[in-house]
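Notes follow the structure.
When a ligand or atom number is given, it counts from 1 through the structure's own listing order. Since we're looking at a predicted model, the values are computed, not measured.
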Amino acid sequence: MLNRKGPMATLAIVLVFAVLHLAFPAANHSPRATGTTMLGGVAFLLMTCSIILSTRARFFEDWFGGLDRVYQVHKVSGVIAALFVLVHFFGVPKELPPGADPAINALVPSAPLGMLALIALVLSLALALNRKISYSRWRPLHKLMALVYVLAAGHFLTAPAALFDRFSISGFYLTAFAILGVIALLYSLFGMNRRTAHVYEISSVKPLERATEISLSALGKPIDFKPGQFAFVEIQGKGWSEPHPFTISSGKDEEALRFTIKVLGDWTRKVREELKSGAKVSVRGPYGRFDTDAAGTKQIWLAGGIGITPFLSTLRSMEPGDKRQIYLVYASRDKNEAIFLEELTERAAELGNITLVPLFSDEGNFARVDIMKSKLPDPLDTYEYFMCGPKPMVNGLMKDLKKEGVKRDRIHTEAFEFR
Ligand SMILES: Cc1cc2nc3c(=O)[nH]c(=O)nc-3n(C[C@H](O)[C@H](O)[C@H](O)COP(=O)(O)OP(=O)(O)OC[C@H]3O[C@@H](n4cnc5c(N)ncnc54)[C@H](O)[C@@H]3O)c2cc1C
């Protein structure tokens, strides 16, 4: 669930600027000039926040409620920034304030930089929001945003004082954030991936029904994860392209680190068909706040298809004597696709506190709130829910649970996509 602390902090950063800019306007500015430069500044700050969020700093996960939420706010901030940029561009007075020397405006690159930033922003945003572009093409294109940011910073830093007073309080504020933003940008482009990598080697590649399980052994310091967390997996070598996020499916105390990967597109197919033991892998993380340990004693876990992975890791890590009462609803197309069903059945029997409910859609059985309501011993709002699976399933269940009076903070979801 989205934690409010992060979005509130983002809002506070923007509001402080707006208040400073409106409270201490430049003497020769019309109210329209003050208002539209404020919107330009707000847009720049939102872009800065968006860039800072992409550094994946650990505390952001606590502030926002997980990396998937961090990326949601990253995206929303970018889109709102673009809207404000448009209002700024069309709204800002094109004539200079009274008394300003027209020559000064012609001598500085502020206007062309602003225009280039606007064109690059519109292009990058159209690419960023286009879901038809494959992720591997989308990722390098998305880096165009870095250029937009640098152009935007250049735009206001080179603006003549008659148009933007960078020595005013709000000007200093914006400049300080521009410095932070550029540092964050350089870090996320060049430093982040190297700094956070754990080096592993593939020890086995096991084909499963429409999925592949890869096991890895650590060559250095192993990753220290909690069940339910995920990591970015980057296979070294030609043709493996960018890192991909996967939930860790092994138990906490296992020596090998395991990922269970559904065959979906080019990269996941290549894993199944071409990946060999001995290949070197960078694993970055762990990330995520899908933590069943931090919740109450009555829990319902709802897994759809490959969404079983976080629960798999949790069950593989659990010790007998766990005080929780857990129902695990595992929905899949058919028995074959319910990978690890046998192991899950055995684990449930060993642990004693897990009730496993497999559902196969080819037999007409789906995860449904009305059925849960009729079968569970206690009212629905007394349980805490953990859901991971296809978006329509998760959204549908969430809507129905809310209708039944289950509060949003008792429903925890893990989205298997960031875009
Ligand atoms: C937090 C998280 C945990 C996940 N855990 C698992 C798991 O345990 N098992 C599993 O099978 N899948 C998991 N996924 C999904 C997995 O990352 C994608 O299915 C996989 O990357 C698809 O790659 P592809 O190129 O084969 O498929 P494509 O068809 O190219 O991509 C399918 C979708 O996956 C996403 N995607 C693709 N590449 C990337 C990337 N490099 N980074 C981020 N997203 C990408 C995009 O939204 C894309 O639309 C998880 C995703 C996230 C975000």
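- Counted within 6.0 Å of CG on Asp381, heavy atoms from surrounding residues, nucleotides or ligands total more than 12; the atom is thus considered enclosed.
- In this structure, Phe177 and Tyr173 have tilted ring planes: the angle between them lies in the 30° to 60° band.
- Against a heavy-atom cut-off of under 4.0 Å, Glu242 is close to the following atoms of ligand 1: 41 (N).
- Under a cutoff of 6.0 Å and an axis angle of 45°, Arg289 and Phe64 do not form a cation-pi pair.
- Lys75 NZ: 12 or fewer foreign heavy atoms inside a 6.0 Å radius.
- The shortest N or O to N or O distance between Thr260 and ligand 1 is under 3.5 Å.
- Both the backbone and the side chain of Trp267 come within contact range of ligand 1, each with a heavy atom under 4.0 Å.
- For atom 28 (P) of ligand 1, the closest non-hydrogen atom on the protein side is Gly265 CA, 4.0 Å.
- Atom CG of Asp370 has more than 12 neighbouring heavy atoms from other residues, nucleotides or ligands inside a 6.0 Å radius.
- In terms of polar-atom proximity, defined here as any N/O pair under 3.5 Å, Ile261 makes no such contact with ligand 1.
- Residue Thr268 touches ligand 1 through backbone and side chain together, judged by heavy-atom distances below 4.0 Å.
- Residues Tyr135 and Trp138 place their aromatic rings such that the two centres sit under 6.0 Å apart.
- Contact between Pro243 and ligand 1 is present, with at least one heavy atom of the residue lying under 4.0 Å from the ligand.
- Checked against a 3.5 angstrom limit, the closest N/O atoms of Arg131 and ligand 1 fall outside it.
- In terms of N/O distances under 3.5 Å, ligand 1 is not approached by Arg269.
- Under the 4.0 angstrom criterion for non-hydrogen atoms, Asp68 is not in contact with ligand 1.
- In the displayed structure, Arg347 atom CZ is contacted under 6.0 Å by more than 12 heavy atoms of other residues, nucleotides or ligands.
- Atoms of ligand 1 found under 4.0 Å from any heavy atom of Leu264, numbered from 1 in the order shown, are 19 (O), 32 (C).
- Of all the heavy atoms of Phe246, the ones lying under 4.0 Å from any atom of ligand 1 are found in both the backbone and the side chain.
- Atom 3 (C) of ligand 1 is flagged as protein-proximal [any protein heavy atom, distance under 4.0 Å].
- Residue-environment remark: CZ (Arg137) stays at or below the threshold of 12 foreign heavy atoms within 6.0 Å.
- Figure legend: Lys280 and Tyr200 shown without cation-pi pairing, the cationic atom not lying both under 6.0 angstrom from the six-membered ring centre and within 45 degrees of its axis.
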